[in-house]
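Following: one structure in structure tokens, then a few remarks.
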Amino acid sequence: MNRRFATNIFCTALLLGLLLLAAPAMALQIVYPADRTYVTKSNYLILKTGDPQITGVTVTLNGTESDLIDISDEVYRNAFGDIIILLPNWRPGNNQIVVAGFREGRRLAREAANIVYLRDLSAIPPKGFEPFVMHTPEGEALCAPCHLMQPVPAVRRGDTAATNACGDCHQGLLDKKHVHGPAGVWECSVCHLEDSEPNRHRLVASEAELCNSCHIGKVEEFEQRRFAHGPVGVGLCTICHDPHSSDHSGFLRAKPNEVCLACHEGLDQGTHVVRGIGGKPHPLSGPVNPLDERKEFSCVSCHDPHGGDTQFLFQGGAQTKFGLCNLCHQK
Ligand code: HEC
Ligand code: HEC
Ligand code: HEC
Ligand code: HEC
Ligand code: HEC
Ligand code: HEC
Ligand code: HEC
Ligand code: HEC
């Protein structure tokens, strides 16, 4: 009897101890991006609050602390419940996030996360950091009270942000000047699986295969060339193209030269295609490409971004450097 009583007290004490230990972490959680993950976009910082209820948060990003963000408002609570969505500006590379939760001026919780923002196309995921994955069963459970996370097919195929199940949260993907055909009509399922394990919405096929399923002639055309350009040779398309939308022509992730220089760093620093002894280097950008007046002059005016029949992937079937010059500079 006594012994059981003692055990009970011990258990209660242990439980209280655990609860006290657990409580601060429960009061505030960094949902996205999680600690030691990396992201490729600077879009959201998503927090979840819990018990004990906090009424305000501050966010310290890389040492700079925000003002107190008031979340005690009834209207806010009714709409967003315990979820806080902020729009941070990550800096390229490592970012240190510290969030603190307050109630009546007292700090009740503090959480920190170390994340990496991989902005550069060529950046290699850092050691010890995992890609952030949102659509896991645990991740989705946090959103399911208010967002439709397991939509029936009809809602998956809605062709506007308002009628499509992905529209609540992913409208920003299409907020650019040019929207890629299938994404523009919210045909997300053409490329993303409806159900995949362990996380949902994985790609239907490998990237090149996926692109090839619609751009059939293209990938064949690339493969028939003698020299495939590095990333194309290993089936990467989205390192240069955004599959959803872009402000640049050809759905490029940046201006053509920026895309190229992300990997071929420093190539624009003065020695590329020098015009003879003591001459200035050839321009690498300009208002008009003489071979196609609708386009700007860029690296892509001389080099085919996908591949070519010469080592240097010259445009227009040019076999030699001289042949290339002649495409634009006929006497
Ligand atoms: C208590 C309800 C609730 C929960 C839980 C919730 N949300 Fe929301 N969320 C909303 C409401 C309401 C909106 C606004 C919808 C609108 O504007 O039509 C919204 C909008 C959003 C947006 C769009 C923000 C913008 O305007 O760019 C994102 C992203 C989002 N939620 C993500 C999430 C994620 C991720 C989760 C789970 C971790 C989640 N939400 C959980 C209620 C909730
Ligand atoms: C409740 C909001 C919400 C809804 C609804 C939602 N997503 Fe997401 N999803 C997110 C957030 C937040 C992320 C992580 C940030 C980002 O990549 O924008 C994410 C990430 C993803 C990713 C990257 C992989 C991953 O799991 O992190 C894919 C792919 C994706 N979503 C596809 C979809 C598709 C397809 C739909 C519609 C069937 C959908 N999502 C509906 C919030 C949502
Ligand atoms: C043409 C094929 C294609 C279509 C259509 C498509 N996606 Fe994607 N999506 C991809 C590929 C490929 C990736 C992986 C490469 C990357 O990270 O951009 C991706 C990645 C994502 C990601 C994670 C990376 C990021 O950029 O945030 C999200 C979220 C996402 N897709 C949501 C959607 C939603 C929502 C739709 C419907 C509006 C959609 N996708 C339609 C091909 C597609
Ligand atoms: C479901 C079919 C479909 C898939 C899959 C698809 N595309 Fe497209 N793509 C289109 C359509 C339709 C257009 C033309 C309309 C437009 O410009 O949006 C297009 C246009 C393009 C263009 C612009 C072409 C031009 O002449 O300027 C590029 C670049 C492109 N897609 C790249 C890709 C890449 C990279 C992938 C793989 C991630 C891909 N597409 C997968 C249907 C698809
Ligand atoms: C190294 C960067 C890069 C890679 C990798 C890449 N592309 Fe492109 N792609 C470009 C550029 C640059 C353009 C030209 C855009 C312009 O002229 O406006 C282009 C144009 C296109 C076009 C439209 C013009 C054309 O040539 O028909 C399609 C379609 C296309 N790419 C598909 C793909 C597919 C599919 C893959 C993967 C197998 C791929 N690209 C890989 C950079 C790239
Ligand atoms: C994701 C990285 C990446 C991007 C982006 C990229 N390249 Fe490359 N490029 C490579 C790799 C890898 C090789 C093959 C290795 C090598 O020869 O240096 C290569 C090779 C080349 C070659 C042939 C070099 C030789 O010695 O034969 C040319 C020319 C070239 N790239 C031009 C471009 C242009 C133009 C762009 C922009 C449209 C571009 N690259 C974008 C990675 C990239
Ligand atoms: C006026 C035409 C022209 C333009 C514009 C041009 N290139 Fe080249 N590029 C050449 C020629 C010609 C070669 C062959 C090597 C040589 O003789 O200089 C070459 C070689 C290369 C090589 C392989 C040799 C090396 O230097 O590494 C790469 C990579 C390359 N270019 C990338 C680029 C990138 C990236 C841009 C844009 C910033 C660009 N090129 C713009 C004509 C051009
Ligand atoms: C895709 C078209 C293109 C190719 C290929 C090309 N150039 Fe040019 N080149 C230009 C443009 C555009 C200018 C700038 C013209 C201007 O400013 O009026 C230029 C300028 C020049 C100039 C300066 C003379 C002037 O008119 O200001 C010389 C010299 C030159 N190029 C030599 C070459 C050589 C040598 C090659 C071969 C290695 C070559 N170009 C390949 C488009 C090209």
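Numbering of ligands and ligand atoms starts at 1, following listing order. Any value given below was found using the heavy atoms of this structure, including those in side chains, with hydrogens, waters and symmetry copies removed. Sequence positions, counted from 1, serve as the residue numbers for this chain.
Distance from atom 13 (C) of ligand 1 to its nearest protein heavy atom, with residue and atom name: Phe80 CE2, 3.5 Å. Of the protein's non-hydrogen atoms, Cys146 SG, 1.8 Å is the one closest to atom 2 (C) of ligand 1. For atom 26 (O) of ligand 1, the closest non-hydrogen atom on the protein side is Tyr44 OH, 5.0 Å. Summary of contacts: the protein heavy atom closest to atom 14 (C) of ligand 2 is Tyr32 CE1, 3.6 Å. Of the protein's heavy atoms, Ala79 O, 3.3 Å lies nearest to atom 42 (C) of ligand 1. Looking at atom 9 (N) of ligand 1, its nearest protein heavy atom turns out to be His147 NE2, 2.9 Å.
Closest non-hydrogen pair, Arg225 versus Gly307, comes out as NH1-O, 3.2 Å. Trp90 and Tyr117 make their closest contact through CB-CD2, 3.4 Å (heavy atoms, listed as atom of the first residue, atom of the second, distance).
Using modelled atom types, no side-chain atom of Asn94 and backbone atom of Val116 make a donor-acceptor pair closer than 3.5 Å. With hydrogens and angles disregarded, a donor-acceptor distance shorter than 3.5 Å links the side chain of Gln315 to the backbone of Val300. In this structure, Thr49 contributes its side chain and Ala27 its backbone to no donor-acceptor pair below 3.5 Å. Of the possible donor and acceptor atoms, one in the side chain of Asp35 sits under 3.5 Å from a partner among the backbone N and O of Asn114.
Counting protein heavy atoms under 4.0 angstrom from atom 32 (C) of ligand 2 gives one or more. Atom 23 (C) of ligand 3 is never approached by the protein to below 4.0 angstrom, counting heavy atoms only. The nearest protein heavy atom to atom 39 (C) of ligand 3 is closer than 4.0 Å.
Remark: the Asn199 side chain and the His135 side chain contain no N/O donor-acceptor pair separated by less than 3.5 Å. For the residue pair Glu207 and Thr238, a side-chain donor N or O sits within less than 3.5 Å of a side-chain acceptor on the partner.
Listed by number with element, the atoms of ligand 2 under 4.0 Å from a non-hydrogen atom of Ala165 are 5 (C). Numbered from 1 in the order shown, with element, the atoms of ligand 2 that lie under 4.0 Å from a heavy atom of His192 read 29 (C). Of all atoms in ligand 3, listed by their number and element, those nearer than 4.0 Å to a heavy atom of Cys166 are 35 (C). Remark: ligand 2 atoms within the under-4.0 Å shell around heavy atoms of Phe132 are 27 (O).
Distance check for Cys191 against atom 8 (Fe) of ligand 3: none of its N/O/S atoms falls below 2.8 Å. Taking 2.8 Å as the criterion, Cys143 does not count as a coordinating residue of atom 8 (Fe) of ligand 1, since none of its N, O or S atoms falls below it. Residue Cys169 does not count as close to atom 8 (Fe) of ligand 2, with no N, O or S atom under 2.8 Å. Atom 8 (Fe) of ligand 2 lies under 2.8 Å from an N, O or S atom belonging to His135.
Residue Glu207 places no N or O, backbone or side chain, under 3.5 Å from any N or O of ligand 3. Residue-to-ligand polar distances place Lys41 within reach of ligand 3: an N/O pair is separated by less than 3.5 Å.
Centroid-to-centroid, the aromatic rings of His306 and His229 stay 6.0 Å apart or farther. Taking the centre of each ring, Tyr32 and Tyr44 stay at or above the 6.0 Å mark. Centroid-to-centroid, the aromatic rings of His241 and Phe251 stay 6.0 Å apart or farther.
The shortest heavy-atom distance from Met149 to ligand 2 is under 4.0 Å. By the 4.0 Å heavy-atom criterion, His170 is excluded from the residues contacting ligand 1.
When non-hydrogen atoms are compared, ligand 3 lies under 4.0 Å from the side chain of Leu203 (C-beta onward) but not from its backbone. Only the side chain of Arg156 comes within 4.0 Å of ligand 2, judged by heavy-atom distances. By the criterion of a heavy-atom distance under 4.0 Å, the side chain of Ile46, and not its backbone, is placed next to ligand 2. Neither the backbone nor the side chain of Lys48 comes within contact range of ligand 1; no heavy atom lies under 4.0 Å. With a heavy-atom cut-off of 4.0 Å, Val190 does not touch ligand 3 at all. Contacts between His201 and ligand 2, counted as non-hydrogen atom pairs separated by less than 4.0 Å, involve both the backbone and the side chain.
Side-chain contact between Leu284 and Asn257 is present, with heavy atoms from C-beta onward closer than 4.5 Å. By the 4.5 Å heavy-atom criterion applied to side chains, Asn62 and Arg91 are counted as neighbours.
No salt bridge links Glu130 with Arg36; every basic N to acidic carboxylate O contact stays at or beyond 4.0 Å.
Comparing heavy-atom distances from atom 18 (O) of ligand 3 across His215, Gln171, Arg253 singles out Arg253 as nearest. For atom 21 (C) of ligand 1, the nearest non-hydrogen atom from the set Asp175, Ile85, Asp82 comes from Ile85.
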